[in-house]
2 protein chains.
Amino acid sequence: MSSLQEFQTRHDLSMEALCARILERHAATIRVKKPAVAVANLARIVETTLMLANRKGFHSMSLRDLTEQSGLSMGALYAYFDSKDTLLMMILGQVVGVVEEVLAHPPDGLANDPAARLRWLLRTHLFLTETMHPWFVFAYMEAKSFPQDGRDLAVGSEMMTESMIAVALADGVARGRFAVPDVMMAAALIKPMLQDWYVKRAKHRRRGITPDLYADQLIAFVEAAVGLKRA
Amino acid sequence: MSSLQEFQTRHDLSMEALCARILERHAATIRVKKPAVAVANLARIVETTLMLANRKGFHSMSLRDLTEQSGLSMGALYAYFDSKDTLLMMILGQVVGVVEEVLAHPPDGLANDPAARLRWLLRTHLFLTETMHPWFVFAYMEAKSFPQDGRDLAVGSEMMTESMIAVALADGVARGRFAVPDVMMAAALIKPMLQDWYVKRAKHRRRGITPDLYADQLIAFVEAAVGLKRA
DNA sequence: GATTAAAGCGAGCGCCCGCTCGTTTTTTCA
DNA sequence: TGAAAAAACGAGCGGGCGCTCGCTTTAATC
């Protein structure tokens, strides 16, 4: 896997596909029976929520804003969630779920090449957050105001990806490919550079940096930092 | 300058000193005449605001929360600001002002040593954000909900520190000390590692990482990444 | 210790919030 | 085609919001 386009053909992360998953997960509480209707409306709701929340914050977005922008009535909204917090948790849960799915299964053939595995991790993370940009901005920026279980979910997800980086680094050190004094610290330094892609995407865009370009530059920067030696 | 303690003796960033500066800046609108009283109450207001806003978001913090936690009445609060947004801008303005002051004046003797200047920038930024931790968390997390001029202020401040890093890198490249393919990109990658110290301080603390330790490790990581050659 | 200015107080105003629920509209299917 | 089921509607509810202002308390001055 090497380009954003390839990544996006491999994984269906369209709004419809993502909302179909949300519907599955919350079938018990969503009152609308016909899946086609439910998915379409969930898509409208989530799309609008991400737009408004990322513009002025989830808490500052009122449900009246949401009805106006989404075209659904107040009553219709409450057929999909039973409180504003539940709406938040639907979105967050989907983000965490996708991260788990996409990152936890690196392709075969990378098991014996820590440098390639690290490259795959960085690139895949960037392509994932690029594809689901507003979702990740939402999860990152609203984390502070999540209910307790949402906080735990988000922190757990963050720790998981960080430790995947750490494992790749440790493997590289063991095989003599990397020179890293403190593996956990290095992983902790790499993570915010990954996150910066979506947190400050407007800035990077303004500078003409594409996801592929950012990936290349980040990988070069990290490989120099961890002292990569040719195999 | 090499340790956090040294930094803190050099710069008075106590709550009182910072609020005295806020008072100066907003003397025109603050209705309380006696400086001693005004500074003391501003300190209570700002301290409480940072605590509540960093816990659950500035917008979710009500002024009634603020009266309860600060011990001041509603009327007393409005002797210091004329709207909740003004309170926000007071804090933000002080953060931006201090960054300007502290970072814009590197000590003499670093002019001809880009590696030392880069080290000084990284260390000083970390020590500054460590000393004013809640202020920086506030400015970073609430940025999205700033009024337009606040956003511009924050973005400008961020760009300034980033370009100071970029200038040091470019100087190093020109003098043959660094090997960096794209100076602006490298600076853009370094900035989020600086910010991670205060954004995720709880995590680093849990791992026993002190500011001095983080500074050492970050500097080592960055110097490897930019290919530092001995002078 | 009286006078006056400074500081502090907090109930109350109008507004908008999240959410409910009786009603209407649309869809389904014998 | 008409009755039942599903979906959508939106005015209205209690309550908390930012903010004001007439009043009380504290401090300074002679």
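Predicted, not measured: the structure shown is a model, and the values here were computed from it. Heavy-atom basis, side chains included; hydrogens, waters and symmetry copies ignored. Quick note on labels: first sequence line is chain A, next is B, and so on, each numbered from 1.
Residues B/L103 and B/H125 form a side-chain contact, since some pair of their non-hydrogen atoms from C-beta on lies under 4.5 Å apart. Looking only at side-chain heavy atoms (C-beta outward), A/T129 and A/L194 stay at 4.5 Å or farther from each other. Contact annotation: the side chain of A/Y80 never approaches that of A/L23 to less than 4.5 Å [non-hydrogen atoms, C-beta and beyond]. Here the side chains of A/M193 and A/V222 are in contact, with some heavy-atom distance below 4.5 Å.
Heavy-atom minimum distance, A/G150 versus A/L92: O-CD2, 3.5 Å. Across every non-hydrogen atom of B/A186 and B/L169, the tightest pair is CB-CD1, 3.7 Å. Smallest separation of non-hydrogen atoms from B/L66 and B/S70: O-OG, 2.7 Å. Scanning both residues, A/L13 and A/L18, for their nearest heavy atoms gives O-CD1, 3.3 Å. Pairing each heavy atom of A/P147 with each of A/M89, the nearest pair is CG-SD, 3.9 Å.
Counting only N and O atoms by type, the side chains of A/Q69 and A/T48 include no donor and acceptor under 3.5 Å apart.
Applying the salt bridge (charged side-chain N to carboxylate O under 4.0 Å, His left out) test to every pair with at least one member in residues 81-104 of chain A, sequence neighbours left out, gives these pairs: A/R21-A/E101. For the salt bridge (charged side-chain N to carboxylate O under 4.0 Å, His left out) condition, the pairs that include at least one residue of residues 43-71 of chain A, sequence neighbours left out, are A/K56-A/D65. Applying the salt bridge (charged side-chain N to carboxylate O under 4.0 Å, His left out) test to residues at least two apart or on different chains, the pairs with a partner in residues 134-158 of chain B are A/E142-B/K144, A/K144-B/E142, A/K200-B/E158, A/K203-B/E158, B/E158-B/K191.
Relative ring orientation between A/F138 and A/F146 is described as tilted, the plane-to-plane angle lying within the 30° to 60° band. Below 30°, between 30° and 60°, or above 60°: for A/Y214 and A/W197 the angle between ring planes is between 30° and 60°, a tilted geometry. Between A/Y198 and A/Y140, the ring planes are perpendicular. Angles over 60° get that label, and only those under 30° would be called parallel.
Direction change of the helix axis from one end of the helix from C/dG1-D/dC30 to C/dA30-D/dT1 to the other is 10°, with five pairs defining each end axis (rounded to 10°).
Nearer to the 5' terminus of DNA chain C, by closest-nucleotide assignment, is the contact made by B/G75 (compared with the other of B/G75 and A/M74).
Residues from residues 16-34 of chain A placing a heavy atom under 4.0 Å of any atom in DNA chain D, listed by number, are A/R31, A/V32, A/K33, A/K34. Non-hydrogen atoms lying under 4.0 Å from DNA chain D are contributed by nothing in residues 37-54 of chain B. Near DNA chain C, defined here as any heavy-atom distance below 4.0 Å, there are no residues from residues 81-90 of chain B. DNA chain D lies under 4.0 Å from at least one heavy atom of each of the following residues of residues 55-66 of chain B: B/M61, B/S62, B/L63, B/R64.
Think of the region where chain A sits on DNA chain C: with heavy atoms and a 4.0 Å cut, that region ends 5' and 3' at C/dC17 to C/dT28. Bounding nucleotides for the chain B contact on DNA chain D, 5' to 3', at a heavy-atom distance below 4.0 Å, are D/dC17 to D/dA28.
Here B/D216 pairs with B/R123 under the side chain to side chain donor-acceptor pair (under 3.5 Å) rule; sequence neighbours left out. Shown here are the ring-ring contact (aromatic ring centres under 6.0 Å, His included) partners of A/H59, two or more places apart in sequence or in another chain: B/H59.
Rounding to the nearest 0.5 Å gives a distance of 8.5 Å between OG1 of A/T124 and CZ of A/R10.
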TODO: Before giving the answer on side chain to side chain contact (heavy atoms under 4.5 Å, CB included), spell out for B/T29 and B/T86 the whole-Å C-alpha distance, their side-chain angles and the decisive distance to 0.1 Å.
DONE: CA-CA 10 Å; B/T29 50; B/T86 300; 5.6 Å; no
